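Shown next, in structure tokens, is the structure this report addresses.
Chain letters run A, B, ... following the sequence lines, proteins first, then strands; residues in each count from 1. This is a predicted model, so every value here is computed, not measured.
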There are 2 protein chains.
Amino acid sequence: MELDQLTECYKAMADKTRLNILALLRHEELCVCELVEILKMTQPSISQHLRKLKQAKLVKERRNSQWIFYSIDGEIYPFIKANLDALPDMSEKIEQLKASGGKVCC
Amino acid sequence: MELDQLTECYKAMADKTRLNILALLRHEELCVCELVEILKMTQPSISQHLRKLKQAKLVKERRNSQWIFYSIDGEIYPFIKANLDALPDMSEKIEQLKASGGKVCC
DNA sequence: ATTATATATAAACATATGGTTATATACTAA
DNA sequence: TTAGTATATAACCATATGTTTATATATAAT
């Protein structure tokens, strides 16, 4: 692949928050406010991380009325599956969100 | 895997120069001065990039008298092969180095 | 011992990055 | 149309990062 594209990909992955986001999205698509809730970070911060991931084509977005749902993309990277598989399991966080009624949405 | 370890790995890969180094080391082990020659960068700059790669356990070093040869490691990362396979082929650069007599070493 | 070569480290600086607060935009509902 | 909710963007700031120049360390050769 092109080194510039690869650099952008690894830059996008070179941050703990963004790896957390990818690890969460591996389970299911989530909207911004759900990520804010789970990661206990401010909404602008999450939004800017999502923008980086989107620019690197690691996630894609889908609008549903007022919400924007993000999900894993990365299909341009032949190694993406191997990398995602190395991320820790975050299903517990998702369960907590659902248990606290924070799901579907905000 | 641990997110901190993964973050360090992707940080180490999030730079064009370091991806170039990894792409070159895929072909064969190289010493610092050979990398300096191929990449047309200063020796301290290359050394510091190598240090980051070494700290992330992506490369290892081997001393041979005055030279220190670096080679690919990364065995702690289950995805390393897939990622290295996505790097561009740099055999031409290696050939040029050998043709110009810059090999074995400096 | 002295000189030369290979590499590492340190200091300084400019740029990039991530977080915060404030504000703008988009959609919904009344 | 107005108010409310979800998200994006902008401006600002502190910290991280990459490069350069200068210097230190390590090995080799004389």
Side-chain angles (χ1 to χ4, degrees), chain A residues 3-4 6-22 24-25 29-56 58-71 97 101-106, chain B residues 3-4 6-22 24-25 29-56 58-71 97 101-106:
Chain A
L3 272 191
D4 286 307
L6 289 172
T7 305
E8 188 177 5
C9 172
Y10 293 125
K11 270 179 191 282
M13 297 188 74
D15 178 273
K16 201 171 178 180
T17 299
R18 291 194 291 273
L19 288 185
N20 261 311
I21 291 175
L22 291 175
L24 287 163
L25 295 184
E29 66 171 13
L30 293 166
C31 68
V32 180
C33 56
E34 291 171 328
L35 289 166
V36 167
E37 170 72 16
I38 295 174
L39 296 174
K40 310 292 185 203
M41 294 180 65
T42 63
Q43 174 266 315
S45 184
I46 296 293
S47 272
Q48 295 185 74
H49 284 300
L50 286 169
R51 181 169 50 176
K52 281 212 172 181
L53 290 170
K54 192 178 67 176
Q55 278 174 178
L58 285 166
V59 305
K60 57 189 182 225
E61 59 181 33
R62 170 182 77 83
R63 171 151 235 149
N64 185 340
S65 77
Q66 51 202 159
W67 296 283
I68 299 180
F69 288 89
Y70 284 87
S71 57
L97 179 75
K103 189 57 185 161
V104 185
C105 168
C106 311
Chain B
L3 273 190
D4 287 306
L6 290 172
T7 306
E8 188 177 6
C9 171
Y10 293 126
K11 271 179 191 282
M13 299 187 73
D15 178 272
K16 200 172 178 178
T17 299
R18 291 194 292 271
L19 288 185
N20 261 311
I21 291 174
L22 291 175
L24 286 162
L25 296 184
E29 66 171 11
L30 294 167
C31 68
V32 180
C33 56
E34 291 169 328
L35 289 166
V36 167
E37 171 71 16
I38 296 175
L39 296 174
K40 310 290 185 205
M41 295 180 65
T42 64
Q43 174 267 314
S45 184
I46 296 293
S47 272
Q48 295 187 74
H49 284 301
L50 286 169
R51 182 167 50 175
K52 279 212 173 184
L53 290 171
K54 193 178 65 174
Q55 280 174 176
L58 285 165
V59 306
K60 56 190 182 226
E61 61 180 31
R62 170 181 78 83
R63 170 151 235 148
N64 186 341
S65 77
Q66 52 203 157
W67 298 283
I68 298 180
F69 288 89
Y70 284 87
S71 57
L97 179 74
K103 187 57 186 162
V104 185
C105 166
C106 308

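- In this structure, A/Q55 places its CD atom 12 Å from P of D/dA8, rounding to the nearest Å.
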Discussion item. Quick one, B/L30 with B/I21, criterion side chain to side chain contact (heavy atoms under 4.5 Å, CB included). Give me CA distance, side-chain angles, the key distance, then yes/no.
Written reply: CA-CA 9 Å; B/L30 294 167; B/I21 291 174; over 6 Å; no
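- We find that CG of A/L30 is positioned 15 Å from C1' of D/dA6, with the value rounded to whole Å.
- Within residues 10-18 of chain A, no residue approaches DNA chain D, by heavy-atom distance under 4.0 Å.
- Atom P of nucleotide C/dT17 and atom CD of A/E8 are separated by 10 Å, given to the nearest angstrom.
- At the phosphate of C/dG19, neither OP1 nor OP2 sits under 4.0 Å from any side-chain N or O atom of A/T42.
- B/Q48 contributes a side-chain N or O that forms a donor-acceptor pair with the base of D/dT20 under 3.5 Å.
- Under the salt bridge (charged side-chain N to carboxylate O under 4.0 Å, His left out) criterion, A/E8 pairs with no residue at all, not counting sequence neighbours.
- Counting only heavy atoms from C-beta outward, the side chains of A/D15 and A/N20 never approach each other to under 4.5 Å.
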Item to complete: Assess whether side chain to side chain contact (heavy atoms under 4.5 Å, CB included) is satisfied between B/E61 and B/K54, documenting all intermediate values.
Response: CA-CA 8 Å; B/E61 61 180 31; B/K54 193 178 65 174; 3.3 Å; yes
Scan nucleotides 22-24 of chain C against the protein and return all N/O pairs shorter than 3.5 Å with their distances rounded to 0.1 Å.
none

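- Within the 3.5 Å criterion, the main-chain N or O of B/I68 finds no donor-acceptor partner in the side chain of B/R63.
- Proximity of a side-chain donor or acceptor of B/E34 to a complementary backbone N or O of B/C31 within less than 3.5 Å is detected.
- Taking atom CD1 on B/I46 and atom C1' on C/dT9, their separation rounds to 16 Å, with Å as the unit.
- Using a 4.0 Å cut-off, some side-chain N or O of A/H49 falls inside it from OP1 or OP2 of C/dG19.
- The closest side-chain heavy-atom distance from A/S71 to A/K60 is below 4.5 Å.
- Candidate nucleotides C/dT7, D/dT7, C/dA8 were compared by shortest atom distance to the side chain of B/E61, and C/dA8 ranks first.
- For A/K54 and D/dT7, the NZ to C1' distance is 11 Å, given to the nearest whole Å.
- At whole-Å resolution of the value, CD in A/E37 and P in D/dA6 are 12 Å apart.
- Residues forming a side chain to side chain contact (heavy atoms under 4.5 Å, CB included) with B/Q66 (at least two apart in sequence, or on another chain): none.
- Atom-to-atom distance recorded for A/H49:NE2 and A/T17:OG1 is 4.5 Å, nearest 0.5 angstrom.
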Practice prompt. Give the C-alpha distance, both sets of side-chain angles, the deciding distance and a yes or no for side chain to side chain contact (heavy atoms under 4.5 Å, CB included) between A/L25 and A/L53.
Written response: CA-CA 12 Å; A/L25 295 184; A/L53 290 170; 5.7 Å; no
Extract from the structure each pairing of a protein N or O with an N or O of nucleotides 27-30 of chain D at less than 3.5 Å, listing the distance.
none

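- Distance CD1 (A/I68) to C1' (D/dT9): 13 Å, rounded to an integer number of Å.
- When the side-chain nitrogen and oxygen atoms of B/R51 are compared with OP1 and OP2 of C/dA8, none of them lie within a distance under 4.0 Å.
- Distances shown here put every side-chain N or O of B/Y70 at or beyond 4.0 Å from the OP1 or OP2 atom of C/dA6.
- Here the C1' atom of nucleotide D/dT19 and the CD1 atom of B/I21 are 14 Å apart, to the nearest Å.
- Contact annotation: B/S45 reaches the phosphate of D/dT19 (side-chain N/O to OP1 or OP2, under 4.0 Å).
- Residues meeting the side chain to side chain contact (heavy atoms under 4.5 Å, CB included) test with A/R62, sequence neighbours left out: A/E29, A/N64, A/F69.
- The side-chain heavy atoms of B/V59 and B/L22, taken from C-beta on, include a pair separated by under 4.5 Å.
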